[in-house]
Amino acid sequence: MFRRHFIGAAAVAACFSTLPVQAQQIIKATDVHPLGYPTVEAIVRMGNKLEKATNGKYKLQMYPSMQLGGEKEMTEQAQVGALQIARVSVGPLGTIVDELNVFNMPFVFKDEAQMRKVIDGPIGTELLDKLTNSSARLVGLGWMDAGTRNVYSDKPVTKPADLKGMKIRMMGNPLFVETMNAMGGNGIAMGFNELHQALSSGVVDGAENNEPTLFAQNHYQTPKGKVYSLTGHLIIPEMFVYSKASWDKLPKGDQDLIKKLSREAQLEQRKLWDDYVAEATGKLKAAGVKFVPADKEAFFKATQPVRDKYGAKYAALIQRIRDTK
């Protein structure tokens, strides 16, 4: 009797072992920033929601802190499907989708509040779609707030003349280099992953970015990160993208779910961002970083040639941005 039951159980087990098991699909995500940084945290939370909504069908693995390289390497890996989600600056993407360079121009937004209304509205949606429909092999999922970029160095930069002779690291896009040159400095294109060493060794005299980056990347601990001058020359939103090669393999329903969760992540990141800016600013000041007001009007006037050169073909779009209230 026991032998018969044993054989029967074994046969049933053998039958079930041949049925296909739903393998959990890993979504690899990456960012240059560390865990806890607003852009990273927003994607981690999005991944948790996706895993829960699909009963574990998908699981997001985050690779923060440039574990998979800088933004250039991250973008290239997403394009071939080696990773799925990357948070990348619009700066480098402007070399892929030309219209994105509108956001890259100095002083194109009146302030951060206006920028948020633009990315949340029709203009933001249109530009995400342009990236998706381009030859970039990337799907535009959503936007992220990256604050306002200001110059940091070892001395105050309050007017264009203060930048004379200073080598300032800029993102790898000719528009940014020309912006810094117009502001009075010497713009140096350099990968973000090379910057800490360059600030430490004096290869550059400074850089420009938002308060959270200055803090999270420990640039304030270098000799060239002690003075933060509020030039406010760039307000550039960032984008998170999905590998087109991987996206095309997803069922339509799952694509729709990811898009819905991406919109939620876009808005959730904003609250995380505001809290982090306040925290980073407080810690930077406590660490002795000097925050210095700057003559924004002088820098606005100095960069007019850049807007004239790069903005002419986007006149209608720029007007729509200016009309956004």
Side-chain angles (χ1 to χ4, degrees), residues 89-92 94 100-116 118-119 145-190 192 195 198-199 204-215 219-220 224-238 277 280-281 284-285 289-312 314-315 317-319 321-322 324:
S89 302
V90 171
L100 290 172
N101 278 314
V102 170
F103 287 173
N104 293 330
M105 288 190 296
F107 300 103
V108 73
F109 296 109
K110 185 174 66 176
D111 52 32
E112 216 167 315
Q114 185 194 38
M115 181 275 290
R116 290 175 173 184
V118 169
I119 61 174
D145 193 325
T148 301
R149 298 175 79 98
N150 301 287
V151 173
Y152 52 92
S153 184
D154 57 356
K155 67 175 188 178
V157 174
T158 63
K159 57 189 182 299
D162 293 338
L163 280 166
K164 186 174 182 181
M166 292 181 66
K167 299 189 294 292
I168 305 295
R169 179 266 174 182
M170 303 298 287
M171 286 185 287
N173 185 323
L175 193 159
F176 295 131
V177 174
E178 291 184 38
T179 293
M180 180 49 60
N181 293 345
M183 288 172 64
N186 179 13
I188 304 293
M190 177 182 291
F192 189 69
L195 181 53
L199 290 166
V204 294
D205 299 307
E208 48 82 63
N209 219 311
N210 52 55
E211 300 92 335
T213 299
L214 176 62
F215 176 71
H219 291 171
Y220 72 98
K224 303 296 185 180
K226 304 300 185 186
V227 183
Y228 193 67
S229 302
L230 302 174
T231 51
H233 53 283
L234 292 170
I235 301 176
I236 310 173
E238 297 178 333
V277 168
T281 299
L284 288 168
K285 289 180 176 178
V289 175
K290 293 180 180 176
F291 280 63
V292 180
D295 186 349
K296 290 186 181 180
E297 186 62 29
F299 286 113
F300 175 82
K301 289 177 179 175
T303 53
Q304 187 60 47
V306 179
R307 286 186 297 280
D308 290 342
K309 176 180 177 179
Y310 287 94
Y314 312 122
L317 181 53
I318 291 172
Q319 190 58 51
I321 291 172
R322 288 176 178 160
T324 301

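No hydrogens, no waters, no symmetry mates; every other heavy atom, side chains included, goes into these values.
- When side chains are defined from C-beta on, Y314 does not count as touching V108, because their heavy atoms never get closer than 4.5 Å.
- Taking CG of L195 as the reference point, atom NZ of K224 lies at 12.5 Å (rounded to 0.5 Å).
- Although no hydrogens or angles enter the test, the distance criterion places a donor-acceptor pair under 3.5 Å between the side chain of S153 and the main chain of D205.
- N181 is listed as a side-chain neighbour of N186, based on a closest heavy-atom distance under 4.5 Å.
- Annotation for Y228 and Y152: closest pair CD1-CB, 3.9 Å, computed over non-hydrogen atoms.
- Interatomic distance, CE of M166 versus CG of D154, reported as 6.0 Å (0.5 Å rounding).
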Item checked: Working for side-chain hydrogen bond (donor to acceptor under 3.5 Å, both in side chains), residues Q304 and R307 -> CA-CA 5 Å; Q304 187 60 47; R307 286 186 297 280; 2.8 Å; yes

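- In this structure, the side chain of D111 engages the main chain of Q114 through a donor-acceptor pair within 3.5 Å.
- Using a 4.5 Å heavy-atom cutoff, the side chains of I236 and M171 are in contact.
- Not a single donor-acceptor pair under 3.5 Å links the side chain of N209 to the backbone N or O of L214.
- In this structure, F109 and F103 have tilted ring planes: the angle between them lies in the 30° to 60° band.
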Next item on the list: Report the C-alpha separation of F176 and L234 in whole Å, then their side-chain angles, then the decisive distance to 0.1 Å, and conclude whether the side chain to side chain contact (heavy atoms under 4.5 Å, CB included) test is met.
Entry: CA-CA 9 Å; F176 295 131; L234 292 170; 3.8 Å; yes

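- The closest donor-acceptor contact from the side chain of N210 to the backbone of T213 lies under 3.5 Å.
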Item checked: Chi angles and distances behind the side chain to side chain contact (heavy atoms under 4.5 Å, CB included) call for L199, V204 -> CA-CA 6 Å; L199 290 166; V204 294; 3.8 Å; yes

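- Contact between L284 and E211 at its shortest, heavy atoms only, is CD1-O, 3.7 Å.
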Notebook entry, point to check: Would T148 and L230 count as a side chain to side chain contact (heavy atoms under 4.5 Å, CB included) if you check the C-alpha gap in whole Å, the side-chain angles of each, and the deciding distance to 0.1 Å?
Noted result: CA-CA 9 Å; T148 301; L230 302 174; over 6 Å; no

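- With rounding to the nearest 0.5 Å, the separation of OG1 in T179 from CE in M105 is 9.5 Å.
- Side-chain contact between T303 and F107 is present, with heavy atoms from C-beta onward closer than 4.5 Å.
- Here the shortest heavy-atom pairing between A298 and P160 reads CB-CD, 3.9 Å.
- Each of K159, M183, E208, K296 was compared with T231 under the side chain to side chain contact (heavy atoms under 4.5 Å, CB included) criterion, and only M183 meets it.
- Considering CD of E178 and CE of M170, their distance stands at 11.0 Å, rounded to 0.5 Å.
- Counting all heavy atoms, side chain and backbone alike, F215 lies closest to A280 at CB-CB, 3.9 Å.
- In this structure, E112 contributes its side chain and I235 its backbone to no donor-acceptor pair below 3.5 Å.
- A donor-acceptor pair is defined here as one N or O able to donate and one able to accept, closer than 3.5 Å; no such pair exists between the side chain of K167 and the backbone of G187.
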Next item on the list: Show the numbers, then the answer: is there a salt bridge (Lys or Arg N to Asp or Glu O under 4.0 Å) between K155 and D162?
Entry: CA-CA 9 Å; K155 67 175 188 178; D162 293 338; over 6 Å; no

Note to self: Between H233 and V151, does the side chain to side chain contact (heavy atoms under 4.5 Å, CB included) criterion hold? Intermediate values first, please.
What the structure shows: CA-CA 9 Å; H233 53 283; V151 173; 3.9 Å; yes

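- In this structure, the side chains of P212 and V277 come closer than 4.5 Å at one or more pairs of heavy atoms.
- The two atoms that bring N104 and L175 nearest to each other are O-CD2, 3.1 Å, heavy atoms only.
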